[in-house]
Amino acid sequence: MQLDVSSQTPGDETLLTMYRTMTLARACEARLRKGFGSGEFAGVIWPSRGQEAIAGGLSTALRRDDRLVTTYRGIHDLLAKGVPPAEIMGEVLGRGAGASRGKGGTMHITCPEVGVMLSTGIVGSGPPVAVGLALAARLQGSDRVVAVCFGDGATNTGSFHEAVNLAAVWDLPLVLICQNNQYAELTPVEETMRVERIADRAAAYAIPGIRVDGNDPVAVHNALSAAVGRARSGAGPTLVECLTFRYGGHYVGDPQVYMAKDRLEQAMRGDPFPRYERFLIEHGVADADRLAALDAASVAEIDEAITVVLDSPEASLGELEADIYADLAGVPR
Amino acid sequence: MQLDVSSQTPGDETLLTMYRTMTLARACEARLRKGFGSGEFAGVIWPSRGQEAIAGGLSTALRRDDRLVTTYRGIHDLLAKGVPPAEIMGEVLGRGAGASRGKGGTMHITCPEVGVMLSTGIVGSGPPVAVGLALAARLQGSDRVVAVCFGDGATNTGSFHEAVNLAAVWDLPLVLICQNNQYAELTPVEETMRVERIADRAAAYAIPGIRVDGNDPVAVHNALSAAVGRARSGAGPTLVECLTFRYGGHYVGDPQVYMAKDRLEQAMRGDPFPRYERFLIEHGVADADRLAALDAASVAEIDEAITVVLDSPEASLGELEADIYADLAGVPR
Amino acid sequence: MTTGTYTMRQALHTAFDSALAEDSRVFMLGEDIADPGGGVTGLTKGLSTTYGKERVRDTPISEAAIAGAAVGAALEGMLPVAEIMIMDFVGIALDQIANHAAKARFMSAGRTPCPVTFRTPVYGGSGNGATHSQSLEAWFMHVPGLKVIVPSTPADAEGLLRSAIFDPDPCVFIDETALHGTRGPRLDTPDRRVPLGKADVKRPGTDLTVITYGRGVRDALAAAESLSRDGIEAEVVDLRTLLPLDLPTVLDSVGRTRRAVIAHYAVEFAGPGAELAARISHDLFGRLAAPVARVGSRFMPIPASTRLESQVSPSPQKIEETVRKVMEDSRG
Amino acid sequence: MTTGTYTMRQALHTAFDSALAEDSRVFMLGEDIADPGGGVTGLTKGLSTTYGKERVRDTPISEAAIAGAAVGAALEGMLPVAEIMIMDFVGIALDQIANHAAKARFMSAGRTPCPVTFRTPVYGGSGNGATHSQSLEAWFMHVPGLKVIVPSTPADAEGLLRSAIFDPDPCVFIDETALHGTRGPRLDTPDRRVPLGKADVKRPGTDLTVITYGRGVRDALAAAESLSRDGIEAEVVDLRTLLPLDLPTVLDSVGRTRRAVIAHYAVEFAGPGAELAARISHDLFGRLAAPVARVGSRFMPIPASTRLESQVSPSPQKIEETVRKVMEDSRG
Ligand SMILES: Cc1ncc(C[n+]2csc(CCOP(=O)(O)OP(=O)(O)O)c2C)c(N)n1
Ligand SMILES: Cc1ncc(C[n+]2csc(CCOP(=O)(O)OP(=O)(O)O)c2C)c(N)n1
Ligand SMILES: [Mg+2]
Ligand SMILES: [Mg+2]
């Protein structure tokens with residue numbers, strides 16, 4: 001099945017929004033890394049450095065009331081959907097400012113106010129939940145759309161297969177975004193599947209599957225917009241594979257012993273930032289100074305947020321009794 | 001990916017072996033049905049009437065030391081692989097003559113002596129186990145091949161997806177046989193997937209997928225032989241979809257309220273028996289009398305077997321302590 | 001509607017029907033549940049015709065996705081009922097149930113409650129063998145965040161199922177096909193619900209308490225009748241929900257009778273009765289007249305032959321024998 | 001080789017290494033276990049280089065297929081070790097473990113034994129939150145046909161793992177990453193195995209028995225040291241395997257001390273300690289000086305903040321407090 005993707009360049013505002021999202025994601029990760037490295041604070045993240053262009057496209061393709069499901073490696077996605085940086089960093093650091101005040105952790109950030117209904121640490125388990133979100137949209141008579149992000153490795157899970165099939169059978173308003181960063185933990189994608197393009201897996205469900213350059217926010221924006229449009233119109237789900245790379249290893253601190261040096265170097269030559277900056281400048285959207293200012297604003301926003309986080313109390317013991325159930329009646333003893 | 005399937009007609013002996021298998025399967029089911037209907041004995045089977053041509057092809061495509069995994073709807077497959085009818089019917093009826101003396105039941109018949117390593121009642125769970133059997137063949141330096149039978153509905157399970165992917169990645173000697181009888185319990189296949197040909201799902205794993213007329217034993221034999229040959233040569237797995245129909249409902253006694261009458265009637269016009277008998281006669285392989293004699297021999301074999309079964313004791317209480325573990329030491333209390 | 005009798009099958013149907021009728025957030029999904037089939041045992045017959053196939057949805061054979069889709073819809077405030085056709089299949093869906101549904105509220109600090117219901121029947125007693133007969137409720141009891149429900153009577157089945165559907169937390173509702181034909185009085189509570197977490201004394205007694213649920217209640221009542229003929233009066237406490245567990249009612253009863261027998265069809269070892277026996281023994285230490293006894297399924301996979309299965313499962317006879325033994329062994 | 005000390009990480013590596021070296025039926029499969037990665041924690045480093053990637057196999061992220069493939073290979077007489085990377089993911093593989101591996105011998109009346117080992121580490125204590133920290137051994141204890149193993153020392157880890165690999169029945173081997181760095185004496189049994197089903201008294205004592213396993217042993221020993229300074233001598237029984245469960249050793253110890261505290265990191269409610277408490281209370285009825293106490297994880301999903309997690313899990317302090325309370329509450 002085919003998907004009709006525009007090859008037009010979006011308007012300047014869209015282009016700059018994407019840039020802002022990308023810089024915000026980069027700044028957030030850099031700030032956390034710095035703090036971990038200096039011993040300022042402790043925590044764990046699964047870096048998305050290299051994958052920011054996908055967040056860029058995501059931030060402009062979705063409506064605010066659209067929903068997002070993502071993974072542990074989803075900080076860029078969360079920022080794209082509008083989760084306040086303090087909620088993200090607060091949760092990473094287990095502080096009161098965190099999205100769930102330290103109870104969830106990096107892997108489990110939700111922010112329903114902006115449509116983030118789930119982040120999950122169980123690989124492959126996001127798509128079934130996203131199917132349910134999309135089904136709810138239909139049953140509630142809303143035209144909102146659900147986007148679910150997952151990795152290349154996740155497409156080998158049974159959960160992925162069942163979910164895509166179900167979404168296809170039910171023509172649900174779902175956009176399946178595979179962030180193919182070519183690695184699952186320590187294992188490169190070519191060792192875990194024989195297909196060359198993950199997008200080709202869509203054929204098993206008779207839905208459109210499309211691969212785009214995941215380091216090009218414009219390509220991502222256009223593909224996602226087409227998929228979102230298809231979903232919103234009631235025509236059903238689309239699998240969008242964004243080919244990208246994971247520059248920072250599996251987790252912060254990963255020595256990446258398994259990584260061929262030239263593979264990483266080669267991949268880093270495709271870094272989404274310099275490319276996109278050149279593009280914006282060449283197309284007269286912004287000059288270098290303007291871009292530097294936007295980047296600086298993102299850094300400042302993150303700096304401000306981390307202050308809020310570090311000023312907030314540590315996760316409170318008083319939290320423990322709450323939220324096991326709606327009330328305490330169900331809790332044994 | 002392509003699979004090179006012969007379009008030649010196999011030799012007479014092969015053709016007659018297939019016919020014998022088919023008649024044996026039909027006779028076995030008929031005998032059990034008769035006993036259930038008359039109150040002679042009680043038990044449950046999931047009929048394979050209509051799917052016998054697949055058993056025919058299976059009986060001639062596999063070597064004796066090749067392995068088979070099948071399902072609750074696998075009596076025809078078991079007979080094709082050489083499981084003694086008394087072991088099958090004995091297990092259905094919970095007798096001492098049964099494959100596991102009444103402990104397993106219809107859904108769980110194994111007969112490792114002829115290569116039947118598993119029958120399972122959990123839809124979709126056969127393929128992963130078959131992957132392991134095929135891996136063991138490789139690790140043990142054997143050129144034996146593993147065939148796994150499952151239904152159309154099973155291809156919607158995550159288990160199927162994970163297994164086929166794993167077999168593909170490891171180039172295992174596995175033949176995945178989808179007996180597409182167009183129904184999963186009460187639900188027709190077109191309501192549970194958007195692909196028209198289940199064989200097309202093979203593309204998600206970059207292995208060959210082929211659909212054949214599952215009511216034509218020659219077509220099945222040729223396709224399975226090609227897939228078995230590919231597997232034995234080390235080239236990896238193949239998905240073979242055999243298009244067929246389930247004439248007897250989901251289980252014996254199923255009122256089939258969900259079944260469109262004309263769909264069933266139409267399907268029964270494709271009954272594998274009359275077609276194949278005409279073929280054998282037209283090709284001078286056997287005349288009608290010979291075929292009738294073969295059929296009668298199958299009926300007689302089943303009659304003999306049921307006598308053995310009914311002469312055997314009921315499942316013995318002494319069985320209970322055995323086979324929980326290799327010895328009793330692990331059993332609490 | 002509130003007088004007369006009905007079967008548990010009718011009671012479950014009634015609960016689904018009324019919940020669908022009264023709240024548009026309620027919907028159902030599962031394999032083969034829609035018409036014309038109306039469920040493999042016909043239990044949901046007519047519902048998709050009345051409420052439409054949008055709200056009573058057939059699914060492919062995809063337990064992980066069924067459970068996950070129900071979780072997702074619940075996160076949006078819907079009240080889904082996901083059916084796992086036979087309880088033995090939960091091993092396929094357990095990640096969604098235990099890691100997602102059960103933890104959604106807590107991990108989000110209350111931002112994403114998950115009011116989903118998983119309905120999953122037990123087929124034990126049907127001669128279908130070890131993979132189609134299990135009672136696995138102990139797995140769910142051990143998962144904080146879930147509620148676990150097993151009814152024994154038609155009225156309880158209706159009322160508890162309705163409570164589960166409208167409960168703000170994830171519920172695992174377990175009915176047993178062996179009881180579907182059981183007939184009993186109709187539910188007559190005003191809201192047609194039975195509260196979760198409240199045990200019910202199904203038979204008063206003074207000499208000993210049998211604590212049980214589901215099929216065990218049927219067996220315990222039969223045993224109690226027989227024992228009564230010999231002057232032994234057993235109280236039968238039907239837990240109705242295993243989580244929340246109504247320990248006060250249990251302790252009150254055993255505190256009076258000073259003797260307890262726990263019965264269930266789940267495997268005895270590390271089963272639901274272990275927690276109960278541990279609690280009773282602890283909380284009533286020094287006040288019991290005899291050790292707490294348990295009657296669960298024997299420790300083995302369930303054999304397919306019903307002749308063999310009946311030896312493995314509890315029965316009124318086994319409960320009766322155990323009660324007699326406890327009475328004999330009692331001191332003081 | 002049999003003198004000196006090593007860490008549990010080294011012990012596990014040694015067990016894999018020697019099993020692969022000595023028997024060609026042994027092989028391993030799991031996510032990221034092969035070189036150059038050698039496992040997400042580096043535990044299997046070097047094994048695929050020594051024994052080849054045919055025998056130490058990386059897999060896609062496919063827990064159901066990993067478990068199922070291991071089952072299939074075991075049915076052919078191989079001795080596979082399948083890794084489920086983190087125990088919280090077993091919900092994806094449980095159908096293969098509980099419905100296939102556990103029942104293969106019984107359902108075939110002994111024709112298809114299934115000598116598979118599932119190795120699955122617990123990541124509790126790592127700050128990874130509710131879906132990456134659970135101790136779910138109670139689920140497996142409730143499945144007849146499985147054996148369930150949790151080592152507490154390096155030597156036990158090596159010896160029990162080797163026993164599991166060569167055991168004719170399906171084993172679930174659970175190691176805890178929190179103990180991987182623990183150092184202890186090397187295993188020195190002649191066959192380099194530790195038998196399954198034999199508890200080990202890790203510390204003799206006269207006043208009270210702490211029954212525990214895995215991380216609980218570490219905590220109990222610390223508590224016992226502290227208690228000893230006040231003249232309370234706790235015996236620490238390390239179960240080592242939960243199934244088979246070495247009840248004779250437990251009852252012998254508690255029979256002497258007349259007081260029992262059960263400790264584990266699994267959730268207390270319906271956890272492994274429930275079965276133990278039920279058995280001890282039953283079998284030693286009237287002979288205990290105090291009710292059997294339990295220290296398990298509190299009833300809630302595990303919070304990500306380690307500060308909060310430490311309040312939810314057991315600890316030496318909590319065990320110590322519980323022991324003191326039991327001593328105080330004792331009669332006679
Ligand atoms: C079901 C499950 N299996 C294994 C893991 C351990 N694990 C965490 S991340 C990961 C790799 C996932 O790879 P991919 O889907 O490509 O996502 P990426 O990390 O590259 O974004 C694995 C195996 C897990 N979290 N869940
Ligand atoms: C995991 C699982 N889900 C549901 C069932 C109930 N069930 C038994 S047979 C069946 C239909 C299977 O359909 P298909 O795979 O086409 O095989 P067929 O019965 O047509 O041979 C279902 C849903 C099951 N046994 N296992
Ligand atoms: Mg990846
Ligand atoms: Mg079918």
Side-chain angles (χ1 to χ4, degrees), chain A residues 67 69 91 98-105 107-113 116-122 124-140 142 146 157-167 169-170 172 319 322-327 329-333, chain C residues 24-25 27 29 54-55 57-78 80 82 92-93 95-96 99-113 115-116 141 144-147 167-170 195-197 241 243-245 247 275 279:
Chain A
R67 305 304 201 223
V69 170
E91 198 55 32
S100 30
R101 303 191 288 275
K103 291 164 84 165
M107 285 197 270
H108 305 124
I109 294 172
T110 55
C111 187
E113 293 77 5
V116 176
M117 306 308 290
L118 177 74
S119 302
T120 180
I122 307 289
S125 68
V129 176
V131 165
L133 299 173
L135 177 59
R138 159 99 60 77
L139 291 171
Q140 292 169 348
S142 162
V146 180
T157 66
S159 207
F160 164 81
H161 173 76
E162 293 189 0
V164 185
N165 187 57
L166 199 54
V169 167
W170 289 347
L172 291 179
E319 284 292 341
D323 307 319
I324 306 169
Y325 297 100
D327 60 48
V331 181
R333 188 155 291 165
Chain C
S24 65
R25 295 172 302 170
F27 74 99
L29 70 169
E54 278 289 297
R55 293 185 64 206
R57 311 180 76 89
D58 272 345
T59 66
I61 305 173
S62 303
E63 280 80 8
I66 293 167
V71 168
L75 295 179
E76 295 285 10
M78 299 296 290
I92 302 165
D95 175 65
Q96 287 292 346
N99 282 334
H100 292 86
K103 298 175 175 43
R105 180 188 290 277
F106 187 87
M107 294 201 304
S108 69
R111 296 172 90 170
T112 54
V116 60
M141 283 177 76
L146 297 179
K147 299 189 176 180
D167 194 83
D169 287 304
L196 305 182
T241 65
L243 185 57
L245 185 66
L247 218 56
E275 181 64 33
R279 293 283 179 133

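Just so it is clear: chains get the letters A, B, ... in the order the sequence lines come, proteins before strands, and each one is counted from 1.
For C/L243, the part lying under 4.5 angstrom from a heavy atom of chain A is the side chain only. Residue contact with chain A, scored on non-hydrogen atoms closer than 4.5 Å, involves the backbone of C/E63 exclusively. Only the side chain of C/P168 comes within less than 4.5 Å of a heavy atom in chain A; its backbone stays farther off. For a residue to count as touching a neighbouring chain, one of its non-hydrogen atoms must lie under 4.5 Å from one of that chain's; by this rule C/E76 touches chain A with backbone and side chain alike. For a residue to count as touching a neighbouring chain, one of its non-hydrogen atoms must lie under 4.5 Å from one of that chain's; by this rule C/L29 touches chain A with the side chain only.
Shown here for C/R111 and A/A99, the closest heavy-atom pair between the two residues is NH1-O, 2.9 Å. Pairing each heavy atom of A/P332 with each of C/R279, the nearest pair is CB-NH2, 4.1 Å.
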Practice task
Might you work through the side-chain contact (heavy atoms from CB on, under 4.5 Å) test for C/D95 and A/S125, ending with a clear yes or no?
Solution key: CA-CA 8 Å; C/D95 175 65; A/S125 68; 3.6 Å; yes
Exercise for the section: Determine, step by step, whether C/S108 and A/H108 satisfy the side-chain contact (heavy atoms from CB on, under 4.5 Å) criterion, reporting the C-alpha distance in whole Å, the side-chain angles of both residues, the deciding distance to 0.1 Å, and the verdict. Expected result: CA-CA 7 Å; C/S108 69; A/H108 305 124; over 6 Å; no
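Put simply, the side chain of A/S100 gets close to the backbone of C/M107: a donor and an acceptor are under 3.5 Å apart. Judged by distance alone, the side chain of C/E54 and the main-chain N or O of A/L139 form no donor-acceptor pair under 3.5 Å. Within the 3.5 Å criterion, the main-chain N or O of C/P144 finds no donor-acceptor partner in the side chain of A/Y325.
Using a 4.5 Å heavy-atom threshold, the side chains of A/L135 and C/R57 count as touching. Within the 4.5 Å cutoff, no side-chain heavy atoms of C/T112 are placed close to those of A/L118.
In summary, the side chains of C/H100 and A/T120 do present a donor paired with an acceptor at a separation below 3.5 Å, with no hydrogens or angles considered.
With rounding to the nearest 0.5 Å, the separation of NZ in C/K103 from NZ in A/K103 is 13.5 Å.
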